Colleague: 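Take this structure, written in structure tokens, and hold onto it; I'll ask about it next.
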Amino acid sequence: MKPANACKRVVLAGNDGCRILFCEECNVAEVEVGALSLRLDVQAFNTLSELLQEAASKVAIFNAAKAQNEVISGVRNVH
């Protein structure tokens with residue numbers, strides 16, 4: 001990869017404290033979270049994206065199951 005000042009990076013996405021940049025010439029995505037910066041080739045970036053999507057899906061399933069258990073517990077405590 002070239003020195004950072006030689007790259008022409010484009011912001012792909014961003015919000016408060018996080019953003020993702022891309023350098024087409026280097027074929028590198030840079031993920032910034034606060035002061036942490038992670039530079040990944042496109043294949044590694046896509047793998048990380050898939051991993052994060054899988055984890056987010058599992059967290060949603062976990063939270064839905066937890067909410068359902070709380071509802072069931074509430075029904076059992078009704079006299």
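Since the structure is predicted, the reported quantities are computational estimates derived from the model, not experimental observations.
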Colleague: Can you check whether Thr47 reaches Leu51 side chain to side chain, under 4.5 Å on heavy atoms?
Modeller: no
Colleague: Answer yes if Val31 and Val10 sit in the same cluster of Ile, Leu, Val, Met, Phe, Trp and Tyr residues linked by side chain heavy atoms under 4.5 Å apart, and no otherwise.
Modeller: no
Colleague: Has Ser57 got a side-chain atom pairing as donor or acceptor with Gln53's backbone, closer than 3.5 angstrom?
Modeller: no
Colleague: Can you list everything that forms a side-chain hydrogen bond (donor to acceptor under 3.5 Å, both in side chains) with Lys58? Sequence neighbours excluded, please.
Modeller: Glu54
Colleague: If the condition is side-chain hydrogen bond (donor to acceptor under 3.5 Å, both in side chains), which residues does Glu32 pass it with, not counting sequence neighbours?
Modeller: Arg19
Colleague: Would Val28 end up clustered with Leu12 when hydrophobic side chains under 4.5 Å apart are linked, directly or stepwise?
Modeller: no
Colleague: For Asn46, which residues count as a side chain to side chain contact (heavy atoms under 4.5 Å, CB included) partner, sequence neighbours excluded?
Modeller: Val42
Colleague: Is Leu52 reachable from Val59 through a run of I, L, V, M, F, W or Y residues, each pair having side-chain heavy atoms under 4.5 Å apart?
Modeller: no
Colleague: How about CG on Asp16, more than 12 heavy atoms from neighbouring residues, nucleotides or ligands closer than 6.0 Å, or not?
Modeller: no
Colleague: Please name all residues satisfying side-chain hydrogen bond (donor to acceptor under 3.5 Å, both in side chains) with Ser37, sequence neighbours left out, ordered by chain then number.
Modeller: Glu30
Colleague: Measure the CG-CZ distance between Asn27 and Phe45 for me, rounded to the nearest 0.5 Å.
Modeller: 11.5 Å
Colleague: Which hydrophobic side chains are connected to Val11, either touching it within the sub-4.5 Å cutoff or through other members that do?
Modeller: Leu21
